[in-house]
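First comes the structure, then the notes that go with it.
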Amino acid sequence: ADQPNVVILATGGTIAGAGADVTNSATYQAAKVPVDKLIAGIPQLNTVAAVRGEQVFQIASESFTNANLVTLAKRVAALVKQNDVDGVVITHGTDTLEETAYFLNLVVRTDKPIVVVGSMRPGTAMSADGTLNLFNAVSVAASKDARGKGVLVTMNDEINSGRDVAKMVNLRTEAFKSPWGPLGMVVEGKNYWFRLPAKRHTSHSEFDIDKIDTLPSVEIAYGSGNASDTAYRAFAANGAKAIVHAGTGNGSVSSAVVPSLQELRGKGIQIIRSSHVNAGGFVLRNAEQPDDKYDWVVAHDLNPQKARILALVALTKTQDSKELQRIFWEY
Ligand SMILES: NC(=O)CC[C@H](N)C(=O)O
């Protein structure tokens with residue numbers, strides 16, 4: 001009776017996937033199994049929390065839209081305001097899990113644990129990882145010592161910050177890593193913490209999903225040698241309010257693209273320089289490109305997809321590039 005109450009919001013992904021045979025670890029359909037069946041499959045969840053499920057979506061996460069983000073965050077925000085909810089778990093496809101986790105970290109004002117979780121193998125496969133990942137997620141969401149740490153991601157026994165974590169590897173179960181390391185570990189229902197997030201999040205955020213109904217269009221264009229300006233111009237023509245440049249190295253920009261980005265900035269579009277390096281990009285102002293002169297923004301350590309999420313949220317509050325840059329340093 002004194003058990004913590006945890007709500008599982010299910011959105012789809014491989015953790016709800018099903019394959020034709022137990023040998024199908026990589027070839028299967030995502031987003032098939034309803035949340036009540038996932039919960040019924042792990043009776044041990046009752047040892048850590050009183051659990052109930054809600055099916056919010058049943059989708060593969062590569063198709064997660066801005067509207068999906070808003071709907072999900074509003075539901076999470078409503079639940080954490082309830083006295084009979086101690087923590088929330090979100091089951092999610094892994095392809096954009098890092099985007100949703102960061103979005104919730106920015107816009108849900110709460111100290112209660114919010115844990116996003118997925119799996120790399122469907123539940124029908126040999127050595128499926130979803131069962132333990134979900135058990136760990138519920139266990140973390142139910143624990144008092146997980147409060148106030150921002151949105152968390154539990155995969156492969158690690159507890160990572162939803163801000164930092166990214167899918168760095170596919171097809172293997174150690175897929176999610178943070179460039180600054182995990183916050184802790186969860187083992188047999190117990191948390192072991194090693195560090196805390198330093199960036200603003202959840203209850204210390206200036207953003208609030210209760211005040212956000214729509215998100216602007218922010219697009220990502222990928223940098224490489226011989227890159228052209230076609231994608232940037234097309235995004236601008238289609239109404240993008242900001243373009244994240246997924247740059248090479250330090251967020252560098254090929255010389256064929258630089259004049260177009262200057263021109264687009266002159267038309268009011270925010271240009272955000274990030275890096276597409278895999279294990280921890282870090283873009284500094286005025287290194288590689290004169291950001292002060294061009295009035296561009298740098299994404300700090302955020303990968304391009306996370307930079308898109310922060311821009312979506314920030315642009316609901318400001319159109320000023322200096323404010324945008326402050327937000328990119330603080331979150
Ligand atoms: N491992 C996964 O969850 C990937 C399945 C699917 N592409 C998704 O992101 O929903």
Side-chain angles (χ1 to χ4, degrees), residues 8-39 41-42 53-73 75-76 88-105 114-138 140-141 151-160 162 164-178 182 220 222 246 278 303-306 308-309 312:
I8 301 179
L9 298 180
T11 72
T14 296
I15 196 163
D21 188 80
V22 290
T23 57
N24 289 121
S25 60
T27 317
Y28 56 86
Q29 279 192 288
K32 282 280 147 198
V33 183
V35 64
D36 289 340
K37 203 170 160 201
L38 292 182
I39 293 171
I42 318 175
E54 282 177 30
Q55 194 76 48
V56 183
F57 311 120
Q58 187 65 292
I59 58 176
S61 73
E62 61 270 26
S63 305
F64 227 87
T65 62
N66 289 354
N68 289 142
L69 287 174
V70 171
T71 301
L72 177 64
R75 187 65 195 129
V76 176
V88 175
V89 167
I90 297 108
T91 59
H92 200 291
T94 54
D95 290 358
T96 62
L97 189 151
E98 68 206 69
E99 299 178 28
T100 298
Y102 188 36
F103 184 75
L104 297 173
N105 192 61
I114 299 169
V115 184
V116 190
V117 64
S119 77
M120 296 305 293
R121 297 175 183 147
T124 47
M126 291 181 200
S127 295
D129 54 332
T131 312
L132 182 55
N133 285 350
L134 184 54
F135 179 79
N136 284 341
V138 170
V140 170
V151 172
L152 303 168
V153 173
T154 55
M155 301 273 295
N156 206 34
D157 303 352
E158 287 186 356
I159 307 169
N160 277 284
D164 294 342
V165 77
K167 190 176 189 178
M168 301 268 197
V169 177
N170 68 332
L171 282 188
R172 281 167 277 173
T173 51
E174 80 282 32
F176 280 77
K177 299 183 199 301
S178 295
I220 303 171
Y222 207 87
N278 282 320
N303 69 23
Q305 55 274 30
K306 284 183 186 276
R308 184 186 75 93
I309 294 291
L312 287 180

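Whatever order the structure lists ligands and atoms in, that order sets their numbers, starting from 1.
Side-chain atoms of E98 do not come within 3.5 Å of backbone N or O of D164 as any donor-acceptor pair. Counting only distance, with no hydrogens or angles, the side chain of N303 and the backbone of Q305 share a donor-acceptor pair below 3.5 Å. Using a distance-only test at 3.5 Å, with no hydrogens or angles considered, no donor-acceptor pair links the side chain of D129 to the main chain of S119.
Under the side-chain contact (heavy atoms from CB on, under 4.5 Å) criterion, A101 pairs with V116, V151, V153, sequence neighbours left out. F64 pairs by the ring pair (Phe, Tyr, Trp, His ring centres under 6.0 Å) definition with F57, H92, not counting sequence neighbours.
Pocket lining of ligand 1, defined as residues with a non-hydrogen atom under 4.0 Å away: G13, T14, Y28, A60, S61, E62, G93, T94, D95, S119.
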Could you list the donor-acceptor pairs under 3.5 angstrom formed between side-chain atoms of residues 9-27 and any protein atom two or more places apart in sequence or on another chain?
unit_1: T11; atom_1: OG1; unit_2: T91; atom_2: O; d: 2.6
unit_1: T14; atom_1: OG1; unit_2: Y28; atom_2: OH; d: 2.5
unit_1: D21; atom_1: OD2; unit_2: T23; atom_2: N; d: 2.9
unit_1: D21; atom_1: OD2; unit_2: T23; atom_2: OG1; d: 2.7
unit_1: N24; atom_1: OD1; unit_2: D21; atom_2: N; d: 3.0

